[in-house]
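Report on the structure given below.
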Amino acid sequence: MRVVRTIADLRALLRTHREQGQRIGFVPTMGFLHEGHGALIRQSAARCDATVVSIFVNPDQFGPGEDLANYPRDLERDQGLCLETGANVLFIPEVSEIYPTGFQTHVEPGRLAEPLCGQFRPGHFRGVATVVAKLFHIVQPDLAFFGQKDYQQAVVIRRMVRDLNMPVDVVVVPTIREADGLALSSRNAYLKPEERTRALALSLGLLAAKAAFDAGERSTARLLELAQAPLQQVDDLQYLELVDAQTLEAHDGTVDRTVALCVAAYVGTTRLIDNVVLSPSPEGAGLNVSLSPQAS
Ligand code: PAF
């Protein structure tokens with residue numbers, strides 16, 4: 001595995017892969033990798049000839065008072081996981097490499113960035129879309145892999161790729177969970193033992209709603225009620241919403257299309273998000289179908 005720190009070196013290295021007709025897979029990350037990232041890298045390694053992983057804690061997607069300064073880092077462990085899961089190139093740029101002095105051009109996502117996390121993290125998806133667009137231009141991957149845990153992020157990026165005609169296929173990989181259901185996240189590292197127990201409220205509610213949905217429940221109100229029940233355990237519930245899987249507009253009444261049940265809450269000082277996708281038709285159950293780039 002090659003570790004590269006500059007855009008020029010990465011481009012030179014990838015040119016040789018491309019000249020050999022290789023298919024390039026890309027997994028953008030902010031580091032402090034876990035098995036969720038491992039699943040993305042493994043999928044890329046299985047489907048592509050060369051896999052590039054980037055580790056870049058993007059200051060542009062953190063708001064004032066968020067955890068940029070304390071974001072967990074462990075480069076040595078990250079390198080081990082990348083190697084073990086099949087990455088070929090690890091790109092670790094400095095902030096000045098991505099945002100040189102004078103930088104002032106951004107990608108402004110539209111309506112998809114407004115609901116859910118967008119209400120609580122103004123500017124977050126602008127920062128995500130901008131850095132992902134830059135990384136796509138730098139790496140020029142054939143396929144790029146994102147986790148379903150960041151559902152709104154995946155939808156925003158899919159839309160950006162379509163709207164800006166970026167020649168990359170976005171693959172969304174299902175969320176990896178601990179044995180008890182907690183969605184893997186780099187931010188789980190912040191949780192004290194007692195908070196880790198209470199953090200389970202998010203997945204317990206979502207998975208109860210999903211089980212009811214799979215057993216035939218189609219009432220939005222009832223599904224929200226089931227997901228809500230354990231959430232008295234959290235310290236601050238930001239949102240629990242059932243939204244259309246593609247437009248992210250709130251869905252009411254009977255679930256007659258693919259929807260996403262999404263939650264964000266603070267446990268202690270840690271902000272956690274999670275979601276499940278619910279599809280009444282078997283073909284819509286896979287996230288890549290429900291988020292199909294062809295669908296509007
Ligand atoms: O999901 C993340 O880790 C980040 O938002 C991403 C996609 C790497 C952009 O900084």
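As the structure lists them, so they are numbered: ligands from 1, and atoms in each ligand from 1. Both backbone and side-chain heavy atoms feed into the values below; hydrogens, waters and symmetry mates do not. Position 1 is the first residue of the sequence; numbering continues from there.
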Atom 5 (O) of ligand 1: which protein heavy atom is closest, and how many Å away?
Gln153 OE1, 2.7 Å
Subset of ligand 1 atoms that lie under 4.0 Å from at least one heavy atom of Gln61
4 (C), 5 (O), 9 (C), 10 (O)
Quick one: which ligand 1 atoms are inside 4.0 Å of a heavy atom on Thr29?
8 (C)
Residues that Phe62 engages under ring pair (Phe, Tyr, Trp, His ring centres under 6.0 Å), provided they are two or more places apart
Tyr71
What residues, two or more places apart in sequence or in another chain, satisfy ring pair (Phe, Tyr, Trp, His ring centres under 6.0 Å) together with Phe103?
Tyr99, His106
Show which atoms of ligand 1 fall inside a sub-4.0 Å distance from at least one heavy-atom site of Val131.
9 (C), 10 (O)
Exactly one of Asn58, Thr130, Asp60, Val131 should register a side chain to side chain contact (heavy atoms under 4.5 Å, CB included) with Ile98. Which one does?
Val131
Sole candidate of Asp163, Asp169, Leu112, Val172 that passes side chain to side chain contact (heavy atoms under 4.5 Å, CB included) when paired with Arg158
Val172
